[in-house]
Undergrad: 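Okay, here's the structure, questions in a sec.
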Number of protein chains: 2
Amino acid sequence: MTLELPGRRVAPTLEAVAAEAGVSRSTVSRVVNGSSHVSPDVVTAVNAAIDRLNYIPNRAARSLANRQTMAIALVVPEDTQRFFGDPFFSEIMQGITSVLEDSDYVLNLQLARPDAPSEKTIRYLLGGNVDGAIVVSHHSGDDFFTTLDATIPVVFGGRPFDPEKHRNNYVDVDNAAGAALGTKHLLSLGRRRIATIAGPANMQAAIDRHDGWLATVREAGQDDSLVEYGDFTMAGGATAMRALLDRAPDLDAVFVASDLMATGAVAVLRARGKRVPEDVAVVGFDDSSAATSGEIALTTVHQPSREMGTEMARMLLALLRGERPDPERVMPTRLVIRDSA
Amino acid sequence: MTLELPGRRVAPTLEAVAAEAGVSRSTVSRVVNGSSHVSPDVVTAVNAAIDRLNYIPNRAARSLANRQTMAIALVVPEDTQRFFGDPFFSEIMQGITSVLEDSDYVLNLQLARPDAPSEKTIRYLLGGNVDGAIVVSHHSGDDFFTTLDATIPVVFGGRPFDPEKHRNNYVDVDNAAGAALGTKHLLSLGRRRIATIAGPANMQAAIDRHDGWLATVREAGQDDSLVEYGDFTMAGGATAMRALLDRAPDLDAVFVASDLMATGAVAVLRARGKRVPEDVAVVGFDDSSAATSGEIALTTVHQPSREMGTEMARMLLALLRGERPDPERVMPTRLVIRDSA
DNA sequence: CTGAAAGCGCTTACAG
DNA sequence: CTGAAAGCGCTTACAG
């Protein structure tokens, strides 16, 4: 029995181009890589041969020889569902790809396990598949990522945990200040019982936003116990809102650590007969598309997600060039007032 | 001026492991690759050395030697926004990753230009970066992708154009039958003026769904001219709905080629004072999360998106093993009746 | 079962 | 400006 496999075309090599053009492999390599020390007519001849043969350099061989892969990993320790569910990631990724488009690098998305990276992810990142990595949505609990840059340059989206242990490169906003901004707005509206729906306690941004709310509420001499935690999803925001209402039916405002969670919270408030913002004012965080796609346009703390993406990419590219960019890039937030508070 | 670069750790090589374990490189390679012809104690010794040195094989070297990259590309010719905006892609990707997780392959997402692949994408796919590719959301107008499998195995999500030119592997549903299913439901409801919002005419699935609607409407002796085209986004559905209402204010039903477009259409209908389904019945297509996240739960034609993803992955894996799976895998659709029709 | 050797397709000093 | 040669870190027949 003969198993006939579809005959795949065999890619031409540098060697073949050299033969076709009647020069050495070194020379072909030089013109492929745009070296300046090649005579014009040789360049022409080689390029002609390349076109004729439809030559494309083999990346494995190239990266083995020069120890560059020209690939960057975007590592997101979240499952597919949450990755696609939160517009924040979409915007970050748009920012990143917009700068990588103009570079020679390709982006490889790696969805990792939220708890700790799998063996496969580790081998991928350490096995010479990429020249650098951007890690977004980092959770505490393992420090593989924070120590990864002993091997390849890494930029974090969001200040990583344990900054004293190791100084990582990151771009972030001042989450505490942003949360304070949102909470103060609630205070200025005369609200006196302001709850918060915080993000998961194993994420630095969630902790910082919680802290910003906490400090503001304390400073105002208000109850600082109205906290519930969500997982940055709509469903998580809804569950937290229910718990909050059960504990404090008289709350009159809630600062929510993400727009997606705020959307879930608003739905619950309405279902329980609360008017937003009359009975309960709601402030979100992100100013992503989720802020304006729900039942009511959310007043929210804006963070420049797309620009954060471009900054991450730029920072990594600088590191890859051997430069030493400022390792900490903190971008501004601002309050966007809409209908929910 | 000395530019001090952060000292990156140098990865240990096979050679180092061999020295550490006191064996030859061939032997280390054998245990790394799980060859059976190695004595137990040597295996133990080599593994110990691997652990001690924290050895991870260099993928470039490996793939240069054995001509395998152990990577698969998921090519989506859509911009980031649309990719993230449509839950359909999320589900497809979940299906794909679920089967790849249990394999040694990693998935590399490649968002390509919708019109024609960029030079960068072409070089990526042809430059030996991946062993195979899954192409989803293929548009007509270039046949790079349909001829790509002369070089590497390719599986399409959705029947590609020009099937007579070249027989590609694909996973799809019977879009025409599905559309007929949805349109017939509208007929059974007594609707007599059934419009359609079709997808872009450069996508086979859109054409097939349009054809299914067309055949059904003609068969019933109804007006077959009520067609507007959308781009599979909410905004596109809204625009198309407006045009339809302007042309035929008396239409009493609309079959929409995707849930996302249907959501946009429903919003326009309501804004124009039409009750759904009383005045205008709406049937969508996909049965994605968009069907149940809008103002009204959509009656829709269900396609098993996640399973289609798993089938694509399985088919590609089979091709990669040198097998010859059935190149055409057509999965069933079914009508899901909710509130919009 | 194990090792020496060739080779995968490039890049890059080193000569000239 | 150009080429011969070594080397990147693996795998894989080929001997033994």
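Just so we're on the same page: letters track the sequence lines, and every chain starts at 1. Keep in mind the model is a prediction, meaning the values are calculated, not measured.
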Undergrad: Identify which nucleotide among D/dT2, C/dT2, C/dT11 has an atom closest to any side-chain atom of A/Arg25, counting heavy atoms from C-beta outward.
TA: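 Nearest to the side chain of A/Arg25 among the choices is C/dT11.
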
Undergrad: If you draw a 6.0 Å radius around CD in B/Glu307, do more than 12 non-hydrogen atoms from other residues or ligands fall strictly inside?
TA: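 Correct, the count exceeds 12.
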
Undergrad: What is the distance, rounded to the nearest whole Å, between atom CD of B/Gln68 and atom P of D/dG9?
TA: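 These atoms are roughly 21 Å apart.
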
Undergrad: Could you give the CG-to-P distance, from A/Asn129 to D/dC10, as a whole number of Å?
TA: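 So the two atoms are 12 Å apart, to the nearest Å.
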
Undergrad: Between B/Leu111 and B/Glu78, which heavy-atom pair has the shortest distance, and what is it?
TA: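 Shortest heavy-atom contact: CB-O, 3.9 Å.
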
Undergrad: For this output row, return yes or no: ring centroids of A/Phe84 and B/Phe83 closer than 6.0 angstrom.
TA: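 They qualify: ring centres under 6.0 Å apart.
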
Undergrad: Is there a donor-acceptor pair closer than 3.5 Å between any side-chain N or O of A/Asn108 and the backbone N or O of A/Ile72?
TA: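 No; zero donor-acceptor contacts below 3.5 Å.
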
Undergrad: Could you identify the nucleotide paired to D/dA13, looking across every strand shown and requiring Watson-Crick or G-U wobble geometry with both distances under 3.5 Å?
TA: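 Here D/dA13 is not engaged in any pair, so there is no nucleotide opposite it.
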
Undergrad: For the side chain of A/His37, starting at C-beta, report the closest nucleotide among D/dC10, D/dC1, C/dT2.
TA: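 For A/His37, the side-chain atoms sit closest to D/dC1.
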
Undergrad: Hey, is the side chain of A/Ser24 poking within less than 4.0 Å of OP1 or OP2 on D/dA4, counting only N and O atoms?
TA: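 No, A/Ser24 has no side-chain N/O under 4.0 Å of OP1/OP2 on D/dA4.
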
Undergrad: Check this one for me: any side-chain N or O of A/Ser26 less than 4.0 Å away from OP1 or OP2 of C/dT12?
TA: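 For C/dT12, neither OP1 nor OP2 has a side-chain N or O of A/Ser26 closer than 4.0 Å.
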
Undergrad: Would you mind reading off the distance between B/Leu64 atom CG and D/dT12 atom P, rounded to a whole angstrom?
TA: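 The distance from CG of B/Leu64 to P of D/dT12 comes to 12 Å, rounded to the nearest Å.
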
Undergrad: For D/dC8 and A/Asn66 - does any side-chain N or O of the residue sit under 4.0 Å from the phosphate oxygens OP1/OP2?
TA: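 The answer is no; no side-chain N or O of A/Asn66 sits under 4.0 Å from OP1 or OP2.
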
Undergrad: Scan A/Val42 against the nucleic acid and name what it touches under 4.0 Å (heavy atoms): base, sugar-phosphate only, or nothing.
TA: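 Sugar-phosphate only.
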
Undergrad: For the backbone of B/Tyr124 and the side chain of B/Asn129, can you confirm whether one donor and one acceptor N or O come within less than 3.5 Å of each other?
TA: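 Yes, because the side chain of B/Asn129 sits within donor-acceptor range (under 3.5 Å) of the backbone of B/Tyr124.
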
Undergrad: Does a nitrogen or oxygen in the side chain of A/Arg67 sit under 4.0 Å from OP1 or OP2 of D/dC8?
TA: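 No, A/Arg67 has no side-chain N/O under 4.0 Å of OP1/OP2 on D/dC8.
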
Undergrad: Should B/Arg62 be listed as having a side-chain N or O under 4.0 Å from OP1 or OP2 of D/dT11?
TA: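 Yes.
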
Undergrad: Reckon B/Val23 touches a base, only the sugar-phosphate, or nothing at all at heavy-atom distances under 4.0 Å?
TA: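 B/Val23: backbone/sugar contact only, no base atoms under 4.0 Å.
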
Undergrad: So which nucleotide does C/dA4 pair with, by the Watson-Crick or G-U wobble rule with both distances under 3.5 Å?
TA: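 Its partner: none found.
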
Undergrad: If we ignore hydrogens and angles and just use 3.5 Å, is the side chain of A/Asp172 paired with the main-chain N or O of A/Arg159 as donor and acceptor?
TA: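 Answer holds: yes.
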
Undergrad: Looking at D/dG9, C/dT11, C/dC1, which one has an atom nearest to any side-chain atom of A/Asn33?
TA: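 For A/Asn33, the side-chain atoms sit closest to C/dT11.
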
Undergrad: Of the nucleotides D/dT2, C/dG3, D/dC10, which one has an atom closest to the side chain of B/Thr27?
TA: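 Selected nucleotide: C/dG3.
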
Undergrad: Look at the side chain of A/Thr13 and decide which nucleotide, out of C/dC1, C/dC10, C/dT11, has an atom nearest to it.
TA: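 Among C/dC1, C/dC10, C/dT11, the one nearest the side chain of A/Thr13 is C/dC10.
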
Undergrad: Side chain of B/Ala65 only, heavy atoms from C-beta on: which candidate in D/dC1, C/dT11, D/dC10 is closest?
TA: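 So the nucleotide nearest the side chain must be D/dC10.
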
Undergrad: Once you round it to whole Å, what is the distance between P of D/dA4 and CD of A/Glu15?
TA: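 In whole Å, D/dA4 P and A/Glu15 CD are 11 Å from each other.
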
Undergrad: If you compare every side-chain N and O of B/Ser29 against the phosphate oxygens of D/dT11 (OP1, OP2), does one of them come in below 4.0 Å?
TA: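 Yes, such a contact exists.
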
Undergrad: With DNA chain D as reference, determine whether B/Arg30 or B/Ile56 sits nearer its 5' end, using the nearest nucleotide of each.
TA: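 Counting from the 5' end, the first nearest nucleotide belongs to B/Ile56.
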
Undergrad: Using whole Å, report how far CG of A/Leu14 lies from P of D/dA4.
TA: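 Between P of D/dA4 and CG of A/Leu14: 14 Å.
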
